[in-house]
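Since this is a predicted model, take the numbers as computed values, not measurements.
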Protein chains: 2
Amino acid sequence: MQQQTLADRITAKLETMIVEGVYKPGDRLPPERKLAEQLEVSRPSLRTALQTLAAKGILRSRQGGGHYVTDTLTRSVADPLVEMLSKHPETQDDVLEFRVLLEGTCAFYAAQRATEEDRKSLQEAFTLLEESMGTDQESQADLTFHLTIAEASHNIILLHTMRAIFSLLKHNIASNIGGIYNNQETSTQLLHQHRHIMETILAGQPEQARLAAEEHMVYVRETLSGEDRKQIRQLRAKRRTGLLEAI
Amino acid sequence: MQQQTLADRITAKLETMIVEGVYKPGDRLPPERKLAEQLEVSRPSLRTALQTLAAKGILRSRQGGGHYVTDTLTRSVADPLVEMLSKHPETQDDVLEFRVLLEGTCAFYAAQRATEEDRKSLQEAFTLLEESMGTDQESQADLTFHLTIAEASHNIILLHTMRAIFSLLKHNIASNIGGIYNNQETSTQLLHQHRHIMETILAGQPEQARLAAEEHMVYVRETLSGEDRKQIRQLRAKRRTGLLEAI
DNA sequence: TTGGTCAATTGGTAAGACCAATTATTTCAA
DNA sequence: TTGAAATAATTGGTCTTACCAATTGACCAA
């Protein structure tokens, strides 16, 4: 059995931090000299670990510019989904249905497990959401809010699945959430729902949080598909009138 | 366009030599000091290249023992998330926890939506499970049973996610399910639970099906692990605060 | 011939210095 | 006041030198 080197141990530690969401896709790692100091290792040993992660595509490194976490791990889950949804656009409602389940569970565990740090992050994310109302940042702030809840659930698989789903949304493969913010009444309603989810999580009420998140997602799902139903109804009414005239 | 570093160039050169057969699978590379001399580079720069190739699995390195060419070039590349998760066994409970959620929901929708064809497939899968008791096919029949339920849910995202989870299981991420079949009492209990899940689905009782599937997964989870999961979660929450521990 | 010990070899770690590229800050001109 | 250019600071990349840790090979005794 091969002995584990220091560099292997550093690599494992950095991987853990990335998998657990301490560093997210797009995040920049601390400078090498600082990180080596924090981990109490020499810079060359740290560099070995960083180079290993770069070779695997998990980090991207630029001379003088820093080391960045890539979205390689998220893509490994998301890419097959993207491909499948591209071929089968009729499954978009399956995504929303899945999200009802996923968001409810994230909120449940977040209410149980959120640390002080998580609660702070959640409040900040909500504040950002409030401040983004009416701007083109609103949908992004929405995603951030939901991802913050997933992080607070402290279940890695949930977190990565959520990231993969949001990757779909960013590709506009699944119904674009951004569209529903064009209506001010809807936007305000969504904000109330987000607040309610946050409050139930902060109050440590898992079942309430689950319910709040599920109701929110059901509302989103219905809002996104609601316009279609209206049109169909109007078409039907017109056809009925036409029949009466013919008689 | 990022400038190519010296280490990148050395990596490319070594890869070329391997691809062209200068060094074949099983061959040992010259010692680092000698190879650095031949390539007219410093040893640390060469080491960067060697570590990159080791990270890709093209080389295998042993302290004091040399660098050896593997036969990786002839193999397919593993999913990066699966590979990383398999190195971090502390994530296995997250997978099991996620499975409680997933299996419960699959069973719920299967009970609502199963076609005559689905019901037939489910019964066949259960029969196969019964017939596999005591054989080495038992765990495979278990997976097949659960995938059949996912198919009957008629949500393609759920199905795809279930397949991804079983891909993790195949890598022994979540403590090989096969292991729990070694105990006859457990095996019999699992069969009763599987039967109960099937019956609730066939009877079209979504909430009962959800409960049955969740209880089954909770049983599996508890059988596979003890009280370790509490500790691990607390450790993880601590890490999230950004505090870095020494390696 | 086999097993143990020691020396040599080779990969791993570290400190320190310097180079190359990027980022941030300051200065200057319009 | 604003924008562009120049300069300084920061940060990743390369190198030399030294030393540690693990493996391999040579040698000797039983």
A.B. asks: Side chain of A:Q63 only, heavy atoms from C-beta on: which candidate in C:dA14, D:dT11, D:dG13 is closest?
C.D. replies: D:dG13
A.B. asks: Pick the closest DNA chain C nucleotide for A:G65 and for A:A7 by heavy atoms, then say which residue is nearer the 5' end.
C.D. replies: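 The answer here is A:A7.
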A.B. asks: So which one's nearest nucleotide on DNA chain C is more toward 5', B:G66 or A:L46?
C.D. replies: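 On the 5' side of the pair lies B:G66.
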A.B. asks: For B:D8 and D:dG12, what is the distance between atoms CG and C1' respectively, to the nearest whole Å?
C.D. replies: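 The answer, rounded to whole Å, is 13 Å.
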A.B. asks: Touch check for B:P44, heavy atoms < 4.0 angstrom, all strands: base, sugar-phosphate only, or nothing?
C.D. replies: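 Answer is base: heavy atoms of B:P44 come under 4.0 Å of a base.
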A.B. asks: NE2 of A:H67 versus P of C:dA21: gap in Å, rounded?
C.D. replies: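 Rounding to the nearest Å, NE2 of A:H67 and P of C:dA21 are 16 Å apart.
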A.B. asks: Report the nucleotide, chosen from C:dG11, D:dC15, D:dT24, that has the shortest atom-to-atom distance to any side-chain atom of B:L6.
C.D. replies: D:dC15
A.B. asks: Mind calculating the distance between CG (B:L50) and P (D:dT14) to the nearest angstrom?
C.D. replies: 14 Å
A.B. asks: Given D:dG13, is OP1 or OP2 found less than 4.0 Å from the side-chain N or O atoms of B:S45?
C.D. replies: no
A.B. asks: Hey, does the side-chain of A:R62 have a donor or acceptor N/O within less than 3.5 Å of a partner on the base of D:dG13?
C.D. replies: no
A.B. asks: Tell me which of A:R28 and B:V41 sits closer to the 5' end of DNA chain D, going by the nucleotide each one is nearest to.
C.D. replies: A:R28
A.B. asks: Quickly work out the B:L39 CG to D:dT14 P distance and round it to whole Å.
C.D. replies: 14 Å
A.B. asks: Using whole Å, what does the distance between atom C1' of nucleotide C:dA14 and atom CD of A:E40 come to?
C.D. replies: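 Spelled out: CD on A:E40 to C1' on C:dA14 is 15 Å.
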A.B. asks: Please give, in whole Å, the distance from C:dT9 P to B:E37 CD?
C.D. replies: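 These atoms are roughly 14 Å apart.
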A.B. asks: Provide the closest heavy-atom pair for B:L46 versus B:A36 in the form atom of the first, atom of the second, distance.
C.D. replies: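 So the minimum-distance heavy-atom pair works out to CD2-N, 3.6 Å.
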A.B. asks: Can a side chain N or O of A:R43 be found less than 4.0 Å away from OP1 or OP2 on C:dA14?
C.D. replies: no
A.B. asks: So with a 6.0 Å cut-off around CD of A:E37, is the heavy-atom count from everything else above 12?
C.D. replies: no
A.B. asks: Nearest whole angstrom, please: distance from the C1' of C:dA17 to the CZ of A:R33.
C.D. replies: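 It is 11 Å, rounded to the nearest whole Å.
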A.B. asks: When you check the side-chain N and O atoms of A:T115 and A:D118, is any donor under 3.5 Å from an acceptor?
C.D. replies: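 Result is yes, a qualifying pair exists.
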A.B. asks: Whole Å only: how far is the CD atom of A:E32 from the C1' atom of D:dA9?
C.D. replies: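 Atom CD in A:E32 sits about 17 Å away from atom C1' in D:dA9.
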A.B. asks: Which heavy atom in B:A49 sits nearest to a heavy atom in B:L14, and how many Å separate them?
C.D. replies: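 Reported closest heavy-atom pair: CB-CD1, 4.3 Å.
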A.B. asks: Ring-plane angle category for A:H216 and A:H146, please: parallel below 30°, perpendicular beyond 60°, tilted otherwise.
C.D. replies: parallel
